[in-house]
Number of protein chains: 2
Amino acid sequence: MARRPPLSKGEMEVARVLWQLGQATVRQVHEAFPPGREIDFTTVQTYLRRLETKGYVKAKLEGRTLVYAPRVEPRKVIGQAVDELVDRLFGGEALPLMQHLIEEGGISDAELAKLRKLIDRLEHEEPRDAH
Amino acid sequence: MARRPPLSKGEMEVARVLWQLGQATVRQVHEAFPPGREIDFTTVQTYLRRLETKGYVKAKLEGRTLVYAPRVEPRKVIGQAVDELVDRLFGGEALPLMQHLIEEGGISDAELAKLRKLIDRLEHEEPRDAH
DNA sequence: CCTGAACAATGACAACTGTACGTGACGGAT
DNA sequence: ATCCGTCACGTACAGTTGTCATTGTTCAGG
């Protein structure tokens with residue numbers, strides 16, 4: 001895979017919206033932004049353009065409008081970002097981050113239950129370190 | 001508390017080392033960097049200076065050397081960074097991040113067990129949303 | 001006392017990031 | 001056919017970040 005420059009915060013934000021939409025024009029991405037988050041139309045435009053030059057999305061001219069579509073799996077990018085955060089803030093250990101999330105972050109009881117299920121499932125599915 | 005400008009990646013890296021050391025000179029911080037991570041002495045110096053002007057650390061002149069010490073709780077800063085990541089990558093939901101960590105990140109069986117204990121403990125201690 | 005090695009502090013700078021302005025093209029109303 | 005509003009595009013720009021070169025200062029040996 002081509003070595004892509006990392007995403008900045010703003011770029012990540014826009015990429016996330018595009019992932020949700022699957023494919024969209026600048027306007028659609030702009031409108032799909034969460035209500036609280038005010039951002040200029042042209043700013044979104046710039047981010048999308050940069051995402052394209054960085055190779056994260058592809059743009060197709062449809063009529064007279066560019067339609068953007070993702071080009072990389074969200075999992076990949078997100079995973080990368082998470083890994084980096086884990087490295088920088090927790091010395092590469094995932095568990096402390098978990099602990100932080102559980103203890104400090106607002107995790108509801110329902111979510112805790114889900115979490116427990118996740119763990120159960122994983123323990124059954126993958127008893128050994130595959131890969 | 002004073003509103004502090006956010007920490008950049010590099011600043012965070014240096015801050016982490018300083019937290020571990022508790023208190024240190026530039027040289028000590030520089031030497032305490034993980035082996036793989038090559039970084040210039042003066043770069044560390046610059047980061048520490050910026051951390052000071054940003055209010056995250058305090059510097060005390062000891063002899064003719066500045067000794068830096070943390071000024072804010074790691075938990076605070078880390079929490080902030082984590083929150084931001086959760087916002088930007090997971091729409092503010094902590095659970096998906098957990099899921100990602102469990103499924104993709106390298107979590108060992110032992111860690112899974114610890115995690116389960118954490119959950120148990122939390123469920124018992126705090127049956128209701130006590131904020 | 002003079003000199004230079006060792007080390008600290010500051011200044012500088014290119015690249016990147018976040019944000020927006022000005023310019024031009026299209027389509028409907030006159 | 002012309003004018004006007006809407007929309008998209010490229011360009012621009014100031015602030016931040018990552019990195020280092022240069023300058024200043026102290027101490028040991030001659």
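Just so it is clear, the structure is predicted and the values come from calculations on it, not from any experiment.
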Mind running a 4.0 Å heavy-atom check of residues 22-31 of chain A against DNA chain C and sending the residues that fall below it, in number order?
->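 The answer is none.
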Atom-pair distance ([atom1] on [X]; [atom2] on [N]), nearest Å:
X: B:L7; N: D:dG18; atom1: CG; atom2: C1'; answer: 15 Å
X: A:L61; N: D:dA8; atom1: CG; atom2: P; answer: 12 Å
X: A:L66; N: D:dG10; atom1: CG; atom2: P; answer: 7 Å

Non-hydrogen side-chain atoms of B:R16 and B:I78 separated by less than 4.5 Å |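 Heavy-atom side-chain distance check fails, nothing below 4.5 Å.
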Is any side-chain heavy atom of B:L101 closer than 4.5 Å to a side-chain heavy atom of A:M98?
->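 B:L101 vs A:M98: side chains touch.
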With sequence neighbours left out, write down each residue that passes salt bridge (Lys or Arg N to Asp or Glu O under 4.0 Å) with [X], or none if nothing qualifies.
X: B:E13; value: A:R88, B:R37
X: B:R75; value: B:E73
X: B:E62; value: B:K60
X: A:K117; value: none

For B:K58, enumerate each residue passing the side-chain contact (heavy atoms from CB on, under 4.5 Å) test, keeping only those at least two apart in sequence or located in another chain.
->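 Partners of B:K58 under the side-chain contact (heavy atoms from CB on, under 4.5 Å) test: B:A69, B:R71.
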Taking only residues two or more places apart in sequence or in another chain, which ones pass side chain to side chain donor-acceptor pair (under 3.5 Å) with B:K9?
->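 With neighbours one apart ignored, the set is A:E84.
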Got a list of side-chain donor-acceptor pairs under 3.5 Å for residues 41-51 of chain B, not counting sequence neighbours?
residue : atom : partner : partner atom : Å
B:T42   : OG1  : B:D40   : OD1          : 2.6
B:T46   : OG1  : B:T42   : O            : 3.0

So, is B:K54 close to the D:dT17 phosphate, meaning a side-chain N or O under 4.0 Å from OP1 or OP2?
->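 For B:K54, the contact criterion (side-chain N or O under 4.0 Å from OP1 or OP2 of D:dT17) is met.
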Inter-axis angle, terminal five-pair segments of the helix from C:dC1-D:dG30 to C:dT30-D:dA1 [nearest 10°] =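 For the helix from C:dC1-D:dG30 to C:dT30-D:dA1, the axes at either end differ by 30°.
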Can any side-chain N or O of A:Y56 pair as donor or acceptor with the backbone N or O of A:M12 at less than 3.5 Å?
->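 No, A:Y56 side chain to A:M12 backbone: no donor-acceptor pair under 3.5 Å.
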For DNA chain C, note the earliest and the latest nucleotide, 5' to 3', having some atom under 4.0 Å of a heavy atom belonging to chain B.
->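 Range of nucleotides touched by chain B: C:dC7 to C:dA12.
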Step by step, would you call A:V82 with B:F90 a side-chain contact (heavy atoms from CB on, under 4.5 Å)?
-> CA-CA 11 Å; A:V82 171; B:F90 297 92; 4.1 Å; yes
What residues in residues 38-50 of chain B put a non-hydrogen atom under 4.0 Å from any atom of DNA chain D?
->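 Those residues whose heavy atoms fall under 4.0 Å from DNA chain D, taken from residues 38-50 of chain B in numerical order, are B:D40, B:T42, B:T43, B:T46, B:Y47, B:R50.
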Apply side-chain contact (heavy atoms from CB on, under 4.5 Å) to the pair B:D120 and B:R116, showing each step before the final yes or no.
-> CA-CA 6 Å; B:D120 288 344; B:R116 193 193 302 274; 4.3 Å; yes
Validation: residues 23-30 of chain A side-chain donor-acceptor distances under 3.5 Å, sequence neighbours left out:
residue : atom : partner : partner atom : Å
A:T25   : OG1  : A:R27   : N            : 3.3
A:T25   : OG1  : A:Q28   : N            : 3.1
A:Q28   : OE1  : A:T25   : N            : 2.8
A:H30   : NE2  : A:I39   : O            : 2.7

